[in-house]
Amino acid sequence: MALEPLLATARTWLAQDPDPATRDELQAAIEAAADGSGPEAQELAARFSGRLAFGTAGLRAELGYGPLRMNRVVVTQAAAGLARFLIDTGRQRSVVIGYDGRVNSDVFARDSAEVMRGLGLDVTLLPSALPTPVLAFAVRHLGVGAGVMVTASHNPPRDNGYKVYLGGEDDGSQIVPPVDGSIADSIDAVAAGSITQLVRATDYTVASSALVDAYVSATAATVPAPALAPEAQPKVVYTAMHGVGWETARAVFEAAGFAVPTTVPEQIEPDGAFPTVSFPNPEEPGAMDLSIARGVAVGADLVIANDPDADRLALAIPSTSDTGEPTFRRLSGNEVGWLLGWRAAARAAAAGVTGTLAASIVSSPALARVAGRHGLEYRDTLTGFKWVSRVPGLLFGYEEALGYLVDPQVVRDKDGISAALSLLDLATELAASGSSIAGQLDAFAAEFGAFASGQVATRVDDLSRTGEIMAALRATPPSSLGGVDVLATTDYLDGVEGFPPSDILRYDLTGDARVIVRPSGTEPKVKVYIDTVATSSAEAQSLVDALAAAVRPLVS
């Protein structure tokens, strides 16, 4: 964009920005870029070179000025666009809005409430910063047309986001195509004007604590009474990772009859700066160091971690280091998914209930074997709980990225709190019979086979690089990986197996091994998912390591 049109566009944006912080930042950028030279002009051009795409993850980006960042202008446009979509499509004119503890989450939520109320919608704002599962629950509990959660989940500290759920026929699930495109069109129509033209109203409803209590009660009821008294239950350490999970999780644990976990005090209160972790994602190396150290110090049997908006769960169990010192081993999302899926299948079979287990296609194929052994249906879905949650007759669903849906009647989304409760229930049952989570993993391998999984992720600075990597793989598909023959290559780009077109490549290898490659939907990464099965866990893991070494150069 030429300098003068760029400066004019930036000044137009400045004129409608209600946030003093981003106004000052943009004003300084305009002044610094006025001579057309230097990095300031380049940065300004980059910020106004497009706008955030509203897709099936809603919006997610770094905070800052301009249409390619998360800020009050972008959020207001999104809120007005969503409201107009509900009105124009004849859906219920009602919405519930939640927010987490990230920087500006509360501000973005109030902006949304005022704008949507100004457009005539019935608006309910959650009473405080709360977990994403509470918002997902509220969509169905209140019977509204849509739900908005202001969160960037486990993204870096400077990010924020905007996640949308739909009621009615969508039953509280996240949006999927083609609805996301229709909402995006409505947002673009709003963005063609100025947000100063939008009417705001403050007479929206702020929900009472009764709504949170309803979530707590419904979630606590998903498990039976504990098999052991609180003092005899496994000892648990819990971390909220500076997020909003703790107060709600504690209430759920207590309501269900479980002992209150020991906490990681440095991480238990919401803090949008995330001072003790460089990346507030339990999957990232080092993210659980404090909670594991706490687990060792108190002699815990389990360490559980919610991510900052508490829709994901990580679990670690006692282990020993190479030097023989006590430590903890973090289970993969697949391992936790196997255990919870096996538990759900066994209970369904015992109750004579039929239904479906589901997992995203990049999750381990082990759950399909569990379903088959228990006479249940199994369904693969595209990645994301927007797809998992929509499976008909769903009993349990998961994805390897630490997301678990243990009771679709309560929440139609991944829920790290109900998943934590289910694991406490399982661990307590096992302890009462003289076993443990580690023992249950061994029992799973004996019953269904020794499965192993791994992942390779390449982070890129330029998003165009992800397309180049995928194009290169399509142009020259591998015939073998790590000395293992590729039996079949499946390209999902044109839509296969009933899935809509997706940028995914799958390689099926000799010995039931599998490698899947796809760009991340929420981060600048190309991800590779590796799954194997063998007669022993060591053999399966060795094959995973060999395949990871083989595929890493292909995605670098």
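Bear in mind the structure is a predicted one, so any value in this text is a computation, not a measurement.
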Residues Ala256 and Leu421: closest non-hydrogen pair is CB-CD1, 3.7 Å
So, the side chain of Arg294 versus the backbone of Val303: is there a donor-acceptor pair under 3.5 Å, distance only?
-> no
Give the C-alpha distance, both sets of side-chain angles, the deciding distance and a yes or no for side chain to side chain contact (heavy atoms under 4.5 Å, CB included) between Tyr165 and Val148.
-> CA-CA 6 Å; Tyr165 300 78; Val148 169; over 6 Å; no
Give a yes or no answer on whether the side chain of Ser436 reaches the backbone of Gly439 with a donor-acceptor pair at less than 3.5 Å.
-> yes
Over all atoms of both residues, closest heavy-atom pair of Asp380 and Ser360 = OD1-O, 4.3 Å
Given side chains that start at C-beta, do those of Tyr507 and Leu547 come closer than 4.5 Å, heavy atoms only?
-> no
Sidechain-backbone polar pair: Ser502 side chain, Pro500 backbone, donor-acceptor under 3.5 Å | yes
Atom of Ala53, atom of Leu59 and distance for their closest heavy-atom approach | O-CD2, 3.8 Å
Do Asp100 and Thr132 have a side chain donor and acceptor closer than 3.5 Å?
-> no
Okay, side chain of Ser433, backbone of Leu430: is any donor-acceptor separation there less than 3.5 Å?
-> yes
What is the distance from atom CG of Leu424 to atom OH of Tyr238, rounded to the nearest 0.5 Å?
-> 11.0 Å
Can you find a heavy atom in the side chain of Thr239 that is under 4.5 Å from one in the side chain of Thr263?
-> no
Please check if any side-chain donor atom of Asp415 sits under 3.5 Å from a side-chain acceptor atom of Tyr215, or the reverse.
-> yes
Heavy-atom side-chain contact between Glu497 and Arg506 under 4.5 Å | yes
Taking the side chain from Asp307 and the backbone from Asn281, do they hold a donor-acceptor pair closer than 3.5 Å?
-> no
Does some side-chain heavy atom of Asp309 sit less than 4.5 Å from a side-chain heavy atom of Ser153?
-> yes
Give a yes or no on whether the backbone of Leu487 and the side-chain of Asp485 come within a donor-acceptor separation of less than 3.5 Å.
-> no
Taking Asp301 for its side chain and Lys235 for its backbone only, find out whether a donor-acceptor pair lies under 3.5 Å.
-> yes
Residues Asp531, Arg514: salt bridge by 4.0 Å N-O rule | yes
Among side-chain atoms of Gln455 and Glu400, is any donor-acceptor pair under 3.5 angstrom?
-> yes
To the nearest 0.5 Å, how far apart are CZ in Phe328 and CG in Leu315?
-> 9.5 Å
Classify the side-chain pair Asp494/Tyr492 by whether it contains a donor and acceptor separated by less than 3.5 Å.
-> no
So, are Arg412 and Asp170 salt-bridged, with charged N and O less than 4.0 Å apart?
-> no
How far apart are the C-alpha atoms of Val164 and Phe54, what are their side-chain angles, what is the distance that settles it, and do they pass the side chain to side chain contact (heavy atoms under 4.5 Å, CB included) test?
-> CA-CA 10 Å; Val164 176; Phe54 188 92; 3.7 Å; yes
Please test Leu302 against Leu423 for side chain to side chain contact (heavy atoms under 4.5 Å, CB included), starting from the C-alpha separation and ending with a verdict.
-> CA-CA 9 Å; Leu302 300 174; Leu423 282 172; 5.6 Å; no
State, without any angle test, whether Arg60 and Tyr162 hold a side-chain donor-acceptor pair at a distance under 3.5 Å.
-> no
Just wondering, do Val212 and Leu126 contact through their side chains at under 4.5 Å, heavy atoms?
-> no
Going by atom types only, do Asp413 and Ser389 share a side-chain donor-acceptor pair under 3.5 Å?
-> no
Do the non-hydrogen side-chain atoms of Arg518 and Leu505 ever get within less than 4.5 Å of each other?
-> no
Would you please test Leu142 and Leu211 for side chain to side chain contact (heavy atoms under 4.5 Å, CB included) and show each step?
-> CA-CA 9 Å; Leu142 298 178; Leu211 191 151; 3.6 Å; yes
Do Ser537 and Gln541 meet the criterion of a side-chain donor-acceptor pair at a distance under 3.5 Å?
-> no
For residues Ser363 and Glu399, is any side-chain donor paired with an opposing acceptor at under 3.5 Å?
-> no
Answer with yes or no whether the side chains of Ser453 and Asn334 bring together a donor and an acceptor at under 3.5 Å.
-> yes
Are the aromatic rings of Trp342 and Phe448 close, with centres under 6.0 Å apart?
-> yes
Exercise: identify the closest heavy-atom pair between Ala348 and Leu395 | CB-CD1, 3.9 Å
Separation between NE2 of His242 and CZ of Arg102, rounded to the nearest 0.5 Å | 11.5 Å
Salt bridge flag under 4.0 Å for residues Glu283 and Lys527 | no
Are the charged groups of Arg329 and Glu335 less than 4.0 angstrom apart, N to O?
-> yes
Looking at Ala420 and Phe253, what are the two nearest heavy atoms and their distance?
-> CB-CZ, 3.9 Å
For Thr222 and Thr219, test the side chains for any donor-to-acceptor distance below 3.5 angstrom and give the result as yes or no.
-> no
Using atom types as modelled and distance alone, determine if a side-chain donor or acceptor of Arg312 lies under 3.5 Å from a backbone N or O of Lys414.
-> no
Would you mind reporting whether Ser422 and Leu340 have side-chain heavy atoms less than 4.5 Å apart?
-> yes
Taking the side chain as C-beta and beyond, is there a heavy-atom pair between Val515 and Leu509 under 4.5 Å?
-> yes
How far apart are the C-alpha atoms of Glu429 and Arg347, what are their side-chain angles, what is the distance that settles it, and do they pass the salt bridge (Lys or Arg N to Asp or Glu O under 4.0 Å) test?
-> CA-CA 13 Å; Glu429 282 185 4; Arg347 290 191 170 185; 2.3 Å; yes
Over 60° means perpendicular and under 30° means parallel, so classify the ring planes of Phe396 and Tyr398, tilted if in between.
-> parallel
How far does CG of Asp512 sit from CZ of Arg369, to the nearest 0.5 angstrom?
-> 6.5 Å
If you measure from CG on Asp425 to CD on Gln233, what distance do you get to the nearest 0.5 Å?
-> 9.5 Å
Distance in Å, Asn306 CG paired with Thr248 OG1, rounded so as to fall on 0.5 Å steps = 9.5 Å
Mind telling me whether Phe444 and Trp338 have parallel, tilted or perpendicular rings, with 30° and 60° as the class edges?
-> parallel
Val411 and Ala136 have their tightest heavy-atom pair at CG1-CB, 3.8 Å
